[in-house]
> 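Sharing a structure here in structure tokens format.
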Amino acid sequence: MSVIEAYIGDLDERVRGSAGAKADLLTEAKDGLIDAAEAYREGGVDEAEAERRAVADFGPAAVIAREYQAELALRGDIGTLWKVIVGIPLIQVGWELARIWTYGDWSRSGNSHPEWYMSVIELFGVLVLVPPVIGVVALFGTRRLGRRLDSVRLGKVTRWMVGAAASTNLLALLLLTVGTSVLDPSRLNVSLVCNVLALGWVAFSVWLLPPAFRPRPALAA
């Protein structure tokens, strides 16, 4: 095994994360090392020494692994932000379309809505728009802050934004569920399709929380 292959293997064992993103980083590192070693060989250095020098210039595996681990975590968090931006509005629109298709207009219930419940509906409508907005702001912020913060600190900011978006979405759902239960529990049972989508909405929101608050993967010693 060459010096470069051994070094890349060491990095591979130390870093945890998405297989695809990890492979991209390792491939990029290997290509860079091969190019550096080639430059040394063109300067008259033998192959083994050229690879040793290229690896030494690249940096200790433990240090590079920490940088790569932070980069992989950040990429995962950005992926979660995209899920917030796309997923929540998609589920909401799907629920509304299912409600129109399976139930029809709310007026068919024949019951007027008290003023306090209309306030709940309005607040829900505002809160449910907040998570995608947070996601868009966070994505824009990562590009701007990426010039000033390293991957570790930028990852912390991004994870907190994901947590805020998921928490706000759950708060909106809880508010609507409790308000509707107080008014008339039977209204929670709109239709089978709507019920399935509502449960999926809750599950999706809960699924978003762990990536925001769980510890980052530990590096191998």
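Sequence positions, counted from 1, serve as the residue numbers for this chain.
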> Do Leu176 and Leu90 belong to the same hydrophobic cluster, where Ile, Leu, Val, Met, Phe, Trp and Tyr are linked whenever their side-chain heavy atoms lie under 4.5 Å apart, directly or via other members?
no
> In Å, rounded to the nearest 0.5 Å, how long is the span from CZ of Phe58 to CD1 of Ile8?
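Interatomic distance, Phe58 CZ to Ile8 CD1, rounded to 0.5 Å: 6.5 Å.
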> Side chain to side chain contact (heavy atoms under 4.5 Å, CB included) with Leu174: which residues, sequence neighbours excluded?
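Checked Leu174 against side chain to side chain contact (heavy atoms under 4.5 Å, CB included); matches are Val178.
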> What residues form a side-chain hydrogen bond (donor to acceptor under 3.5 Å, both in side chains) with Lys83, not counting sequence neighbours?
none
> Mind checking what makes salt bridge (charged side-chain N to carboxylate O under 4.0 Å, His left out) contact with Asp57, not counting sequence neighbours?
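Here no residue qualifies.
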> Could I get the full list of side chain to side chain contact (heavy atoms under 4.5 Å, CB included) partners for Trp82, not counting sequence neighbours?
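For Trp82 the side chain to side chain contact (heavy atoms under 4.5 Å, CB included) partners, ignoring immediate neighbours, are Ile78, Ile85, Val86, Leu139.
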> Who passes side chain to side chain contact (heavy atoms under 4.5 Å, CB included) against Ser181, sequence neighbours left out?
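For Ser181 the side chain to side chain contact (heavy atoms under 4.5 Å, CB included) partners, ignoring immediate neighbours, are Thr177, Leu188.
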> Measure the CH2-CD1 distance between Trp95 and Ile100 for me, rounded to the nearest 0.5 Å.
9.5 Å
> Looking only at heavy atoms, which two atoms of Ser205 and Leu173 are closest? And how far apart?
OG-CD1, 3.9 Å
> Do Leu170 and Leu175 belong to the same hydrophobic cluster, where Ile, Leu, Val, Met, Phe, Trp and Tyr are linked whenever their side-chain heavy atoms lie under 4.5 Å apart, directly or via other members?
yes
> Counting only pairs under 3.5 Å, give me each side-chain donor-acceptor contact of residues 194-201, with atom names and distances, residues two or more places apart or in other chains.
unit_1: Asn195; atom_1: ND2; unit_2: Asn189; atom_2: OD1; d: 2.7
unit_1: Asn195; atom_1: ND2; unit_2: Ser191; atom_2: O; d: 3.2
unit_1: Trp201; atom_1: NE1; unit_2: Asn169; atom_2: OD1; d: 3.2

> Rounded to the nearest 0.5 Å, what separates atom CD in Gln92 from atom CD in Glu96?
6.5 Å
> List the atom pairs, donor and acceptor, that lie under 3.5 Å between side-chain atoms in residues 24-33 and the rest of the protein, sequence neighbours left out.
unit_1: Thr27; atom_1: OG1; unit_2: Ala23; atom_2: O; d: 2.8

> For the side chain to side chain contact (heavy atoms under 4.5 Å, CB included) test, which of Leu127, Ile121, Val126, Val128 pairs with Phe124?
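Of all the options given, the one that passes is Val128.
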> Tell me every residue that passes side chain to side chain contact (heavy atoms under 4.5 Å, CB included) with Val63, counting only those two or more places apart in sequence or in another chain.
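Once residues adjacent in sequence are excluded, the partners of Val63 under the side chain to side chain contact (heavy atoms under 4.5 Å, CB included) criterion are Pro60, Arg66, Glu67.
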> Between Pro132 and Pro89, which heavy-atom pair has the shortest distance, and what is it?
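Of all heavy-atom pairs spanning Pro132 and Pro89, the closest is CG-CG, 3.6 Å.
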> Supply the atom-to-atom distance Asp12 CG to Tyr68 OH, rounded to the nearest 0.5 angstrom.
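Between Asp12 CG and Tyr68 OH, I get 12.0 Å after rounding to 0.5 Å.
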> To the closest 0.5 Å, what do you measure between CG (Leu183) and CE (Met118)?
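Result: 11.0 Å between the selected atoms.
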> Output yes when a side-chain donor or acceptor of Lys22 lies under 3.5 Å from a complementary backbone atom of Leu72, and no otherwise.
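Answer holds: no.
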> Cluster question for you: counting only ILVMFWY and a side-chain heavy-atom cut-off of under 4.5 Å, with indirect links fine, are Leu129 and Val120 together?
yes
> Can you name the closest pair of heavy atoms from Gly179 and Trp116 and give their distance?
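Answer, listing the atom of Gly179 first, then Trp116: O-CH2, 3.4 Å.
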> Which heavy-atom pair separates Glu51 from Ile4 by the least distance, and what is that distance?
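Closest heavy-atom pair between Glu51 and Ile4: OE1-N, 3.2 Å.
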> If the condition is side-chain hydrogen bond (donor to acceptor under 3.5 Å, both in side chains), which residues does Thr180 pass it with, not counting sequence neighbours?
Tyr117
> side-chain hydrogen bond (donor to acceptor under 3.5 Å, both in side chains) with Glu49: which residues, sequence neighbours excluded?
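Listed in chain order: Arg52, Arg53.
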> Between atom CD1 of Ile34 and atom CZ of Arg41, what is the distance when rounded to the nearest 0.5 Å?
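Answer rounded to 0.5 Å: 8.5 Å.
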> Give the minimum heavy-atom separation between Val84 and Ala165, together with the two atoms involved.
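Shortest heavy-atom contact: CG1-CB, 3.9 Å.
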> If I compare all heavy atoms of Ala138 with all of Leu81, which pair ends up nearest, and what's the gap?
CB-CD1, 3.6 Å
